[in-house]
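See structure below.
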Number of protein chains: 2
Amino acid sequence: MKRGHSVDRVFHALGDPTRRAILDRLVHAPTTVTRLAEGLGITLTAVGQHLQILEECALVRTEKLGRVRTCSIQYLGFDVLEQWIRDHRSLWARRLDRLADVLAEPDERK
Amino acid sequence: MKRGHSVDRVFHALGDPTRRAILDRLVHAPTTVTRLAEGLGITLTAVGQHLQILEECALVRTEKLGRVRTCSIQYLGFDVLEQWIRDHRSLWARRLDRLADVLAEPDERK
DNA sequence: TTGATAGTGAAGCTTATGCTTCACTATTTC
DNA sequence: GAAATAGTGAAGCATAAGCTTCACTATCAA
């Protein structure tokens with residue numbers, strides 16, 4: 001599927017438990033592809049596929065030195081996520097305010 | 001797929017753009033299944049399926065009165081999401097602190 | 001009571017997703 | 001240089017996800 005917008009990609013990336021497990025791991029310390037694969041009990045290839053997705057939405061950054069690729073968490077993607085929540089919270093709050101206004105209006109019933 | 005934990009379900013639910021579109025709609029005001037279907041250009045059935053998922057992870061609450069089901073946003077699910085981010089941020093911060101400690105240590109090189 | 005309206009349930013279709021295997025390329029290390 | 005190590009790429013596979021259609025139920029309205 002074509003994932004256009006960044007919000008879209010971040011949520012899609014985080015929708016998978018294995019990818020969140022990778023982040024759980026990286027949040028403690030950077031690590032290599034092989035170590036991730038060992039910890040998760042999946043192949044190197046599978047990890048590589050997840051990493052690609054995580055990199056595309058700026059949740060992870062990787063760097064290859066020699067033959068070993070080191071992965072670390074990147075907070076850019078998380079910011080997108082937080083912004084989304086903030087936006088929704090503010091709309092939600094505004095709606096509650098409107099509701100409060102209505103309720104606060106003088107009782108016009110007879 | 002069996003979705004066990006609530007974090008798991010919330011992220012999975014939010015991973016789909018149509019479901020986020022539903023929330024975008026509901027954050028402004030509660031609405032009915034039919035209206036949602038019209039706005040999204042999909043069938044009532046499809047909306048019903050999405051609603052079930054959104055309800056299961058406490059992102060939406062619905063109530064059927066007569067023959068019409070009214071859907072409204074529910075913030076319980078969002079709390080799970082925010083908590084997850086907070087947890088990761090704090091771990092991330094701790095890691096940066098450790099790094100800072102290391103960097104702050106008196107230079108022992110000769 | 002007849003007809004329209006609002007939604008539900010089951011089945012099936014198509015595409016996406018997560019994973020594996022196998023072959024292959026770089027790097028180290030002995 | 002030979003053997004081990006770290007990772008990549010292409011192909012394929014099973015399952016899941018998102019939809020639709022069609023048949024059906026429940027409610028409201030004339």
Side-chain angles (χ1 to χ4, degrees), chain A residues 1-26 29-57 59-72 77, chain B residues 1-26 29-57 59-72 77:
Chain A
M1 192 191 278
K2 263 266 140 61
R3 308 240 162 231
H5 207 40
S6 55
V7 189
D8 202 343
R9 287 204 286 210
V10 171
F11 273 112
H12 170 250
L14 291 171
D16 177 69
T18 305
R19 283 192 286 269
R20 288 202 311 282
I22 290 177
L23 293 176
D24 287 345
R25 196 80 194 269
L26 295 183
T31 186
T32 71
V33 179
T34 301
R35 274 172 192 285
L36 285 173
E38 283 168 357
L40 296 165
I42 57 178
T43 60
L44 286 178
T45 311
V47 173
Q49 286 161 358
H50 285 304
L51 286 175
Q52 196 183 334
I53 291 169
L54 290 167
E55 281 200 86
E56 274 169 6
C57 60
L59 285 167
V60 163
R61 188 169 357 100
T62 78
E63 193 185 8
K64 192 164 181 178
L65 267 136
R67 66 183 164 177
V68 57
R69 178 176 296 280
T70 304
C71 318
S72 48
Chain B
M1 194 192 276
K2 263 270 141 58
R3 307 247 161 225
H5 209 39
S6 56
V7 189
D8 202 343
R9 289 203 285 209
V10 171
F11 273 112
H12 170 250
L14 291 171
D16 177 68
T18 305
R19 283 193 286 270
R20 288 202 311 281
I22 290 177
L23 293 176
D24 286 346
R25 197 76 195 271
L26 296 183
T31 187
T32 71
V33 178
T34 300
R35 274 172 190 284
L36 284 173
E38 282 166 358
L40 296 165
I42 57 178
T43 59
L44 285 178
T45 311
V47 173
Q49 287 161 359
H50 284 303
L51 285 175
Q52 195 183 334
I53 291 170
L54 289 167
E55 280 200 84
E56 275 170 4
C57 59
L59 286 166
V60 163
R61 190 170 353 102
T62 77
E63 192 184 10
K64 192 164 182 177
L65 266 136
R67 65 183 165 173
V68 55
R69 178 175 296 280
T70 304
C71 318
S72 47

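Within every chain, numbering begins at 1; the chains are lettered A, B, ... in the order of the sequence lines, protein sequences first and strands thereafter. The structure displayed is predicted, hence computed values, not measured ones.
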Once hydrogens and angles are ignored, does a donor-acceptor distance under 3.5 Å link the base of [N] to the side chain of [X]?
{"X": "Thr45(B)", "N": "dG9(C)", "value": "yes"}
{"X": "Gln49(B)", "N": "dT20(D)", "value": "yes"}
{"X": "Gln52(A)", "N": "dT8(D)", "value": "no"}

Which residue lies more 5' along DNA chain C, comparing Val68(A) with Thr18(A) via nearest heavy atoms: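 Counting from the 5' end, the first nearest nucleotide belongs to Thr18(A).
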
Report the distance from atom [atom1] of [X] to atom [atom2] of [N], rounded to the nearest whole Å.
{"X": "Ile42(B)", "N": "dG18(D)", "atom1": "CD1", "atom2": "P", "result": "11 Å"}
{"X": "Arg9(A)", "N": "dA16(C)", "atom1": "CZ", "atom2": "P", "result": "16 Å"}
{"X": "Lys64(A)", "N": "dG9(D)", "atom1": "NZ", "atom2": "C1'", "result": "12 Å"}
{"X": "Asp16(B)", "N": "dT17(C)", "atom1": "CG", "atom2": "P", "result": "10 Å"}
{"X": "Phe11(A)", "N": "dA16(C)", "atom1": "CZ", "atom2": "C1'", "result": "20 Å"}
{"X": "Glu63(A)", "N": "dT27(C)", "atom1": "CD", "atom2": "C1'", "result": "16 Å"}
{"X": "Leu54(A)", "N": "dG18(C)", "atom1": "CG", "atom2": "C1'", "result": "13 Å"}
{"X": "Glu56(A)", "N": "dT17(C)", "atom1": "CD", "atom2": "P", "result": "11 Å"}

Can you identify which nucleotide, out of [options], has its nearest atom closest to the [X] side chain?
{"X": "His50(A)", "options": "dG18(C), dT21(C), dT8(C)", "value": "dG18(C)"}
{"X": "Leu44(B)", "options": "dT8(D), dT20(C), dT8(C)", "value": "dT8(C)"}
{"X": "Ala46(A)", "options": "dG18(C), dC19(C), dT8(C)", "value": "dC19(C)"}

Listed by chain and number, what are the salt bridge (charged side-chain N to carboxylate O under 4.0 Å, His left out) partners of Arg20(A), not counting sequence neighbours?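 Applying salt bridge (charged side-chain N to carboxylate O under 4.0 Å, His left out) to Arg20(A) gives Asp8(B).
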
Atom pair [atom1] ([X]) and [atom2] ([Y]), whose distance is rounded to the nearest 0.5 Å:
{"X": "Cys71(B)", "Y": "Glu63(B)", "atom1": "SG", "atom2": "CD", "answer": "10.5 Å"}
{"X": "Leu14(B)", "Y": "Ile53(B)", "atom1": "CG", "atom2": "CD1", "answer": "11.0 Å"}
{"X": "Asp24(B)", "Y": "Thr18(B)", "atom1": "CG", "atom2": "OG1", "answer": "11.0 Å"}

So, using side-chain contact (heavy atoms from CB on, under 4.5 Å) as the criterion, who are the partners of Gln52(A) when residues are at least two apart?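 side-chain contact (heavy atoms from CB on, under 4.5 Å) check on Gln52(A) returns Glu56(A).
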
Give a yes/no on whether any side-chain N or O of [X] is located under 4.0 angstrom from OP1 or OP2 of [N].
{"X": "Arg35(B)", "N": "dA6(C)", "result": "no"}
{"X": "Thr70(A)", "N": "dA6(D)", "result": "no"}
{"X": "Thr32(A)", "N": "dT5(D)", "result": "no"}
{"X": "His12(B)", "N": "dA16(D)", "result": "no"}

Donor-acceptor pairs under 3.5 Å, side chain of residues 36-50 of chain A to any protein atom, not counting sequence neighbours: which ones?
from	atom 1	to	atom 2	distance (Å)
Thr43(A)	OG1	Ala46(A)	N	3.2
His50(A)	ND1	Arg19(A)	NH1	3.2

Restricting to side chain to side chain donor-acceptor pair (under 3.5 Å), what partner residues turn up for Thr32(A), sequence neighbours left out?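 Partners of Thr32(A) by the side chain to side chain donor-acceptor pair (under 3.5 Å) criterion come out as none, since no residue qualifies.
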
Considering residues at least two apart in sequence or located in another chain, which fulfil the side chain to side chain donor-acceptor pair (under 3.5 Å) criterion with Arg69(A)?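 For Arg69(A), the residues satisfying side chain to side chain donor-acceptor pair (under 3.5 Å) (neighbours in sequence not counted) are Thr62(A).
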
Could you run down the sub-3.5 Å N/O contacts of the protein with nucleotides 25-30 of chain D?
from	atom 1	to	atom 2	distance (Å)
dT27(D)	O2	Arg67(B)	NH1	3.0

